[in-house]
J.: 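One structure, pasted below without further comment.
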Amino acid sequence: MARYSRITGTGSYLPPRRLTNADLAAELAAQGIETSDDWIVERTGIHARHFAAAGVCSSDLGVEAAKKALEAAGLEPVDIDLIIVATSTPDMVFPSTACILQNKLGMAGCPAFDLQAVCSGFVYALTVADALIKSGTATKALVIGAEVFSRILDFSDRTTCVLFGDGAGAVVLQASETPGILASDLHADGKHVNILCVPGGVSGGKVLGDPLLKMDGQAVFKLAVGVLESAARAALAKAYLTDADIDWLIPHQANIRIMQSTAKKLKVPLEKLIITVDQHGNTSAASIPLALDTAVRSGKIKKGDTLMLEGVGGGFTWGAVLLNY
Ligand code: ACO
C-alpha cells in the first residue's frame with residue numbers, strides 16, 4: 001500500500017510583546033532614526049510585529065507552537081518519532097535548537113535536527129519530513145519554524161529593522177494511506193548570498209564579521225516575485241493540477257506586495273491569499289506555519305482544501321509544497 005504524509009495538527013505562538021509601527025517608530029526616533037507607520041504600511045503591508053523578551057529563545061517559542069500542534073493532532077510528545085526545526089536564529093551554535101526543544105517537551109530518543117534555509121526553511125523541512133515518512137523512517141513528525149529575528153536586526157538600519165518579527169509555527173505530519181503532501185519543488189542559488197545575509201560567524205572565541213542582518217531589498221524583491229511563480233507552477237505540474245485547483249495560497253509573509261503579485265501571476269483571487277504579515281511582520285521560517293495555523297484556527301482552511309505553501313529567502317533559497325489539508 002502506498003504511504004503518504006498529511007498534516008494532522010497545527011499550532012503557533014507569538015511572544016506577548018507587540019509593537020505597532022507607531023511604537024517602533026517612537027523607539028527608533030529616540031535614537032535619531034526616522035520612520036513612519038505610513039511608510040511601513042505602504043511599502044510592506046506590516047502594521048505590527050512581536051518581539052521576544054530578553055532570554056527567550058527560538059526553542060521557547062517553538063515549544064509553545066509544538067504543544068498546540070500536538071493538542072490539535074490529539075497526540076502526546078511521546079508519540080512523536082521525528083523533530084525538525086527550521087530556524088536561522090538557533091539558541092546556540094550547537095547543539096541544535098531541535099535537541100533543546102525535544103528536551104523542553106520532555107521527550108528523548110527520537111531524531112531531532114535543525115534545518116537552515118532562512119525564510120524557505122519551513123517548506124524545506126516539510127519536504128524532508130515527508131520524504132522520511134514516505135521512506136518508513138518516521139511515522140509522526142513535528143515540523144517547526146521558530147525564529148527570534150529581533151536578535152539579528154540592526155536597529156540603526158531603518159531599511160531592515162522595521163520588517164521582521166519573532167514567532168513560531170508548527171505542524172504534526174503523520175503517515176497516511178491518502179495524500180497529504182502532493183508535491184514539493186525546492187531550489188537554491190548560492191550566487192545571491194550577498195543580497196540577504198548575516199555575514200558574521202564565531203571563530204577563536206570571537207564574533208568575526210558582522211552578526212546583523214543585511215539586505216538589498218530591491219534585489220530580493222525582484223528575485224522573489226519570479227521564483228515564487230515558477231516554484232508553484234512546478235509543484236502543480238508534478239501533481240497534475242492547475243492554478244484553479246488552489247483553494248488557499250500561503251506564501252512566505254515578507255511583503256504584501258510580493259504576495260499579491262504572486263497571487264496575480266498564479267491567477268489566485270486575492271480573497272484566497274492568506275495574509276498575516278500585517279500582524280506578525282516577517283518571521284522568516286516561522287511565517288508559513290504561523291499563517292497556516294492562523295487560517296486553520298479562524299475556520300478559513302477546512303479539511304480537504306488544497307493548499308499551496310511557498311517560501312523564499314536568504315541563500316538564495318525558494319520552494320513550494322502543494323498539499324491536501
Ligand atoms: N522608513 C522611512 N523611509 C525608509 C525606510 C523606513 N523604514 N526604509 C527606507 N526608507 C527610504 C529609503 O531611504 C529611500 O529614500 P530615498 O528615496 O530618499 O533614497 C526610500 O525609502 C525608498 O527606499 P527603497 O529601498 O527604494 O524602498 P522599496 O520600495 O524598495 O521598499 C522594501 C523596501 C520594503 C525592503 C522592499 O524592497 C522589500 O520588501 N523587499 C523584499 C524584502 C523581502 O521580501 N525579503 C524576504 C526574504 S527575507 C529572508 O529571507 C530573511
Side-chain angles (χ1 to χ4, degrees), residues 19-29 31-49 58 86-90 115-125 145-167 186-190 192-199 211-229 231 251-262 275-278 280-288 290-291 310-319:
L19 279 93
T20 63
N21 291 342
D23 297 332
L24 185 58
E27 285 194 7
L28 293 174
Q31 303 170 44
I33 313 262
E34 198 188 320
T35 188
S36 66
D37 178 53
D38 283 352
W39 191 94
I40 301 170
V41 172
E42 189 198 321
R43 304 287 173 132
T44 71
I46 297 168
H47 291 264
R49 78 286 294 139
S58 289
T87 186
S88 298
T89 47
L115 193 152
Q116 158 63 293
V118 200
C119 302
S120 309
F122 188 75
V123 292
Y124 266 64
E147 302 280 16
V148 282
F149 254 57
S150 59
R151 304 282 154 72
I152 53 168
L153 295 179
D154 178 353
F155 285 97
S156 68
D157 175 10
R158 68 178 181 172
T159 68
T160 54
C161 73
V162 301
L163 305 175
F164 296 88
D166 302 339
L186 301 181
H187 299 273
D189 184 349
H192 301 295
V193 162
N194 292 329
I195 64 171
L196 180 51
C197 56
V198 176
L212 299 176
L213 184 145
K214 312 272 171 259
M215 180 169 75
D216 176 345
Q218 288 184 3
V220 171
F221 195 106
K222 275 184 209 142
L223 267 173
V225 171
V227 298
L228 286 172
E229 184 192 8
H252 170 47
Q253 309 280 317
N255 182 314
I256 205 160
R257 292 185 294 149
I258 297 177
M259 295 161 61
Q260 287 170 341
S261 145
T262 305
I275 298 169
T276 53
V277 68
D278 56 335
H280 306 161
N282 180 348
T283 57
S284 193
S287 95
I288 294 171
L290 250 167
E310 289 204 274
V312 61
F316 212 65
T317 55
W318 67 99

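When a ligand or atom number is given, it counts from 1 through the structure's own listing order. Atom set for the values below is all heavy atoms of this structure, side chains included, hydrogens, waters and symmetry mates excluded.
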J.: Using protein heavy atoms only, decide if any is under 4.0 Å from atom 40 (N) of ligand 1.
T.: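 Within 4.0 Å: yes, protein heavy atom nearby.
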J.: Which of the atoms of ligand 1 are close to Val162, meaning less than 4.0 Å from one of its heavy atoms?
T.: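 Within the 4.0 Å cut-off of Val162, ligand 1 contributes 7 (N).
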J.: Considering only protein heavy atoms, determine whether one is less than 4.0 Å from atom 16 (P) of ligand 1.
T.: no
J.: Which ligand 1 atoms, with their elements, are less than 4.0 angstrom from a heavy-atom of Ile258?
T.: 41 (C), 44 (O)
J.: Nearest protein heavy atom to atom 2 (C) of ligand 1: under 4.0 Å?
T.: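 Looking at atom 2 (C) of ligand 1, one finds that a protein heavy atom does lie closer than 4.0 Å.
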J.: Distance to 0.1 Å, residue and atom name: give those for the protein heavy atom nearest to atom 12 (C) of ligand 1.
T.: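 Of the protein heavy atoms, Arg158 NH2, 4.1 Å lies nearest.
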J.: Heavy atom to atom 25 (O) of ligand 1, shortest distance: which of Met259, Glu34, Gln218 holds it?
T.: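 Shortest heavy-atom distance from atom 25 (O) of ligand 1: Gln218.
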J.: Of all the atoms in ligand 1, which lie at a distance below 4.0 Å from a heavy atom belonging to Met215?
T.: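 Reading through ligand 1 atom by atom, the close ones are 42 (C), 45 (N).
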J.: Should you measure from each heavy atom of Gly313, which atoms of ligand 1 turn up under 4.0 Å away?
T.: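 What qualifies from ligand 1 is 50 (O).
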J.: Any heavy atom of Gly314 sitting closer than 4.0 Å to ligand 1?
T.: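 So Gly314 counts as touching ligand 1.
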J.: Mind listing the side-chain donor-acceptor pairs of residues 149-161 below 3.5 Å, one per line with the distance, residues two or more places apart or on another chain?
T.:
residue, atom, partner, partner atom, Å
Ser150, OG, Asp166, OD1, 3.3
Ser150, OG, Asp166, OD2, 2.7
Arg151, NH1, Val56, O, 2.8
Arg151, NH2, Ala53, O, 2.9
Arg151, NH2, Val56, O, 2.9
Asp154, OD1, Ser156, N, 2.9
Asp154, OD1, Ser156, OG, 2.6
Asp157, OD1, Thr159, N, 3.0
Asp157, OD1, Thr159, OG1, 2.6
Asp157, OD2, Thr159, OG1, 3.4
Asp157, OD2, Thr160, OG1, 3.0
Arg158, NH1, Glu34, O, 2.9
Thr160, OG1, Asp157, O, 3.4

J.: Measure up the His187 and Trp318 rings against each other and bin them: parallel (under 30°), tilted (30 to 60°), perpendicular (over 60°).
T.: parallel
J.: Under the 3.5 angstrom rule, does the side chain of Gln253 hit a backbone N or O of Thr276 as a donor-acceptor pair?
T.: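 Judged by distance alone, yes, a pair lies under 3.5 Å.
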J.: Within a distance of under 4.0 Å, is there any protein heavy atom near atom 48 (S) of ligand 1?
T.: yes
J.: Can you find a protein heavy atom under 4.0 Å from atom 27 (O) of ligand 1?
T.: yes
J.: Could you tell me which atoms of ligand 1, counted from 1 in the order shown, lie closer than 4.0 angstrom to a heavy atom of Cys119?
T.: 48 (S), 49 (C), 50 (O), 51 (C)
J.: For atom 32 (C) of ligand 1, is some protein heavy-atom partner under 4.0 Å away?
T.: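 No, there is none.
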J.: Have a look at Arg49 and tell me which of Asn21, Thr283, Thr20 forms a side-chain hydrogen bond (donor to acceptor under 3.5 Å, both in side chains) with it.
T.: Asn21
J.: Just let me know how Leu196 lines up against ligand 1, side chain, backbone, both or neither, with a heavy-atom cut-off below 4.0 Å.
T.: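 Looking at Leu196 and ligand 1, just side chain atoms fall under 4.0 Å.
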J.: What I want to know is whether Ser284 and ligand 1 share at least one N or O pair that is separated by under 3.5 angstrom.
T.: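 No; the residue has no nitrogen or oxygen that sits under 3.5 Å from a nitrogen or oxygen of the ligand.
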J.: Check ligand 1 against Asn255 and write out every atom of the ligand that is under 4.0 Å from a heavy-atom position of the residue.
T.: 34 (C), 38 (C), 39 (O)
J.: Taking the side chain as every heavy atom from C-beta outward, state whether Thr35 and Ile40 have any pair of such atoms under 4.5 Å apart.
T.: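 Thr35 reaches Ile40 side chain to side chain.
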J.: Which atoms of ligand 1 are found less than 4.0 Å from any heavy atom of Thr159?
T.: 8 (N), 9 (C)
J.: Under 4.0 Å from a heavy atom of Arg257: which atoms of ligand 1 are those, numbered in the order shown and with their elements?
T.: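 The atoms of ligand 1 under 4.0 Å from a heavy atom of Arg257 are 29 (O), 31 (O).
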